[in-house]
Amino acid sequence: MALKIYNTLTRKKETFRPIQPGRIGMYVCGITVYDYCHIGHARVLVAFDAMTRYLRSQGWDVNYVRNITDIDDKILRRAAENNEPFSDLTARMIDAMHEDERALGVLPPDNEPRATHHIDDIVDMVATLVDNHYAYVADNRDVYYQVSRFPDYGRLSNKNVDELMVGARVEPGESKRDPHDFVLWKAVGEDETGWPSPWGRGRPGWHIECSAMSTCLLGETFDIHGGGPDLPFPHHENEIAQSEAATGKTFVHYWMHAGAVRVDDEKMSKSLDNFFTIREVLEKYHPEVVRYFLLSSHYRSPINYSEDNLVEARQGLERFYLALRDFADVAPATLETIKSSAHYAQFIEAMDDDFNTREALAVMFDLVRELNTLIQAGAPSAAALAAELKGLGAVLGLLGSAPEVFLRSGSRQSGLDDSAIEALVRERDDAKKNKDYARADSIREQLSGQGVVLEDAREGTRWRRG
RNA sequence: GGCGCGGUGGCAGAGUGGUUAUGCAGCGGACUGCAACUCCGUGUACGCCGGUUCGAUUCCGACCCGCGCCUCCA
């Protein structure tokens with residue numbers, strides 16, 4: 001079965017056809033680095049990471065580009081508030097972002113272009129648009145894109161420019177010819193952050209960097225362009241207008257957009273004060289639990305960040321790790337060695353269907369049941385199945401932890417440290433030997449109250465944080 | 001107002017024109033000193049109303065409800 005991808009442009013699932021056989025150029029809109037990444041960013045990062053891992057596992061040569069917006073009004077405003085150079089702020093936030101990514105098991109993209117490193121490319125593209133009469137220099141020396149010159153405007157987000165009029169407004173003093181026009185190059189004064197250009201000192205507008213950098217790194221036409229749920233309009237619409245006007249070529253073949261993250265069933269927003277940064281979330285939950293949570297729904301569905309759902313994610317992962325407990329030293333199977341496995345075939349079928357990670361996880365759970373049955377029977381083949389499970393998990397960036405470490409990590413920190421728990425476990429073992437079951441049960445109850453679960457296995461008592 | 005998405009069993013969440021999703025929770029059983037883990041069994045789930053069909057949760061239409069975008073936001 002062939003890979004199918006839902007294309008925002010056509011609003012349909014389409015069979016993926018690469019521009020060059022075996023190769024995929026993919027550009028994903030990254031972060032504006034004026035603050036820490038939040039759980040919504042995490043979703044986009046994890047979703048496209050899982051896709052990239054999967055595509056590579058299937059032999060695709062993926063060139064994954066994800067930009068960093070490191071110059072923008074919000075950045076300048078925040079830097080001014082902090083009374084620091086904007087580049088100090090962005091450097092700090094970029095480091096923080098990389099830290100968050102690593103925690104979530106997100107592999108670095110192949111290229112991570114920054115707007116401030118591509119000012120020349122941006123200026124070149126703006127100049128082309130001015131030369132082509134798709135852009136004009138306004139009285140205030142801003143350069144604007146003239147939306148009315150681009151007939152296809154609104155095609156991606158299925159919007160009719162005339163109907164947009166209703167909500168549009170022109171700020172007093174703006175020099176646009178039309179409210180829909182958007183800024184490509186923003187004029188600034190001598191004392192403001194900016195770069196020289198044919199139109200005077202200025203800085204890039206909000207959308208042009210992605211057009212310039214994607215073209216620079218992936219060519220005038222490339223395969224996949226992705227991003228968050230609020231990007232189709234206006235950001236990606238404007239990118240299309242810019243790039244296609246500048247090059248005269250189709251910009252992108254497949255547009256992919258992740259679904260929204262909600263918090264306790266409300267829109268996540270700063271005004272509602274229900275905004276969670278990745279760092280805050282990771283204080284409460286194991287990073288792999290967060291990753292699993294994000295992959296346990298289809299990437300396009302809205303998901304709800306809530307205590308219940310994260311606890312449930314924890315429980316799901318526990319099932320995997322309990323099965324893998326005795327196979328800590330078993331290496332993940334390479335896909336080559338499991339290519340004839342029925343589970344693998346189902347896994348691929350799920351992932352080929354627009355990256356249905358939830359369905360892929362369901363296949364892995366089926367495998368877990370078989371694995372547990374083999375373990376129970378003491379079958380030597382269990383190790384191979386465990387390796388297969390790890391191999392499938394690795395494609396999604398999951399199950400890479402040491403099982404016992406994960407199981408003892410706990411969703412909430414127990415008040416007892418490991419040695420205190422182990423002392424109590426030993427005490428209980430002694431009580432059991434003396435058939436003092438009342439004492440043994442009271443210790444177990446005490447631990448249970450601390451979130452510690454005991455299991456009396458043949459080899460001795462095991463414990464984990466539940 | 002315009003455009004779009006969705007309403008699935010207690011919860012989460014896939015999917016399908018007729019046959020088990022899956023996970024968690026529940027119930028019964030096996031195992032256990034008791035548990036936990038695990039396995040086995042167990043749920044007349046598909047918003048409402050019409051239509052198409054031998055048959056619809058799945059297709060079509062209307063309706064109700066929820067959500068997103070239309071403004072900076074992943």
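- Listed nucleotides B:A74, B:C69, B:A36 differ in distance to A:V453; the shortest reach to its side chain belongs to B:A36.
- Put simply, A:N309 has no side-chain N or O that comes within less than 4.0 Å of OP1 or OP2 on B:A12.
- At distances below 3.5 Å, at least one donor-acceptor pair connects side-chain atoms of A:Y145 with backbone N or O atoms of A:A241.
- Not a single donor-acceptor contact under 3.5 angstrom links the side-chain atoms of A:Q315 to the base of B:G23.
- Side-chain proximity of A:R369 to the nucleotides B:G4, B:A36, B:C40 is greatest for B:C40.
- The backbone N or O of A:L9 lies less than 3.5 Å from a partner atom in the side chain of A:N7, making a donor-acceptor pair.
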**Item:** Stepwise side-chain contact (heavy atoms from CB on, under 4.5 Å) check, A:F347 with A:M364
**Value:** CA-CA 8 Å; A:F347 182 89; A:M364 289 165 64; 4.0 Å; yes
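- Because its NZ or CZ atom is not both nearer than 6.0 Å to the ring centre of A:F327 and within 45° of the ring axis, A:K390 does not count as a cation-pi partner of that residue.
- In this model, a side-chain donor or acceptor of A:K159 finds a partner on the base of B:C69 within 3.5 Å.
- Comparing B:U22, B:A12, B:G68 by their closest approach to the side chain of A:D366 singles out B:U22.
- In the set B:G13, B:A74, B:G23, B:A74 carries the atom at the smallest distance from any side-chain atom of A:V44.
- Judged by distance alone, with hydrogens and angles left aside, the side-chain atoms of A:D264 form no donor-acceptor pair with the main-chain N or O of A:S306 at under 3.5 Å.
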**Prompt:** What dot-bracket string describes RNA chain B from 5' to 3', counting Watson-Crick and G-U wobble pairs whose defining distances are under 3.5 Å, with [ ] for crossing pairs and | for pairs to another strand?
**Reply:** (((((((..(((.....[...))).(((((.......)))))....(.(((..]....))).))))))))....
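- Below the 3.5 angstrom threshold, one finds a donor paired with an acceptor across the side chain of A:D456 and the base of B:C34.
- Here B:A74 is the nucleotide among B:A74, B:C72, B:A14 with the atom lying nearest to any side-chain atom of A:A260.
- Rounded to a whole angstrom, the distance from the P atom of B:C46 to that of B:G61 is 22 Å.
- Between B:C27 and B:G43, the two P atoms lie 16 Å apart (nearest whole Å).
- Centre separation under 5.5 Å together with a plane angle under 30° does not hold for the ring of A:F365 and the six-membered base ring of B:G23, so they are not marked as stacked.
- Nearest to the side-chain atoms of A:A362 among the listed nucleotides B:C37, B:C24, B:A21 stands B:A21.
- Applying the salt bridge (Lys or Arg N to Asp or Glu O under 4.0 Å) test to every pair with at least one member in residues 43-52 of chain A, sequence neighbours left out, gives these pairs: A:D49-A:R53, A:D49-A:R291.
- For A:A96, the side chain to side chain contact (heavy atoms under 4.5 Å, CB included) partners at least two apart in sequence or on another chain are A:Y36, A:R279.
- Comparing the P positions of B:U16 and B:A74 gives an interatomic distance of 33 Å, to the nearest angstrom.
- B:U58 and B:G28: their C1' atoms are spaced 33 Å apart (whole Å).
- If you check B:A35, B:G23, B:A14 against the side chain of A:R444, the one that comes closest is B:A35.
- Within the model, atoms OH of A:Y27 and CD1 of A:I224 stand 15.0 Å from one another, a figure rounded to the nearest 0.5 Å.
- The nucleotide whose nearest atom lies closest to any side-chain atom of A:R358 is, among B:C69, B:A14, B:G15, B:A14.
- For the OP1/OP2 pair of B:G68 and a distance below 4.0 Å, the side-chain nitrogens and oxygens of A:R262 include at least one atom meeting the criterion.
- Of the candidate nucleotides B:G33, B:U38, B:A74, B:G33 has the atom lying nearest to any side-chain atom of A:K432.
- In this model, no side-chain donor or acceptor of A:R66 finds a partner on the base of B:A74 within 3.5 Å.
- Judged by atom type and distance alone, A:D441 reaches the base of B:G33 through a side-chain donor-acceptor pair under 3.5 Å.
- The side chain of A:N158 lies closest to B:G4 when the candidates are B:A21, B:G4, B:A74.
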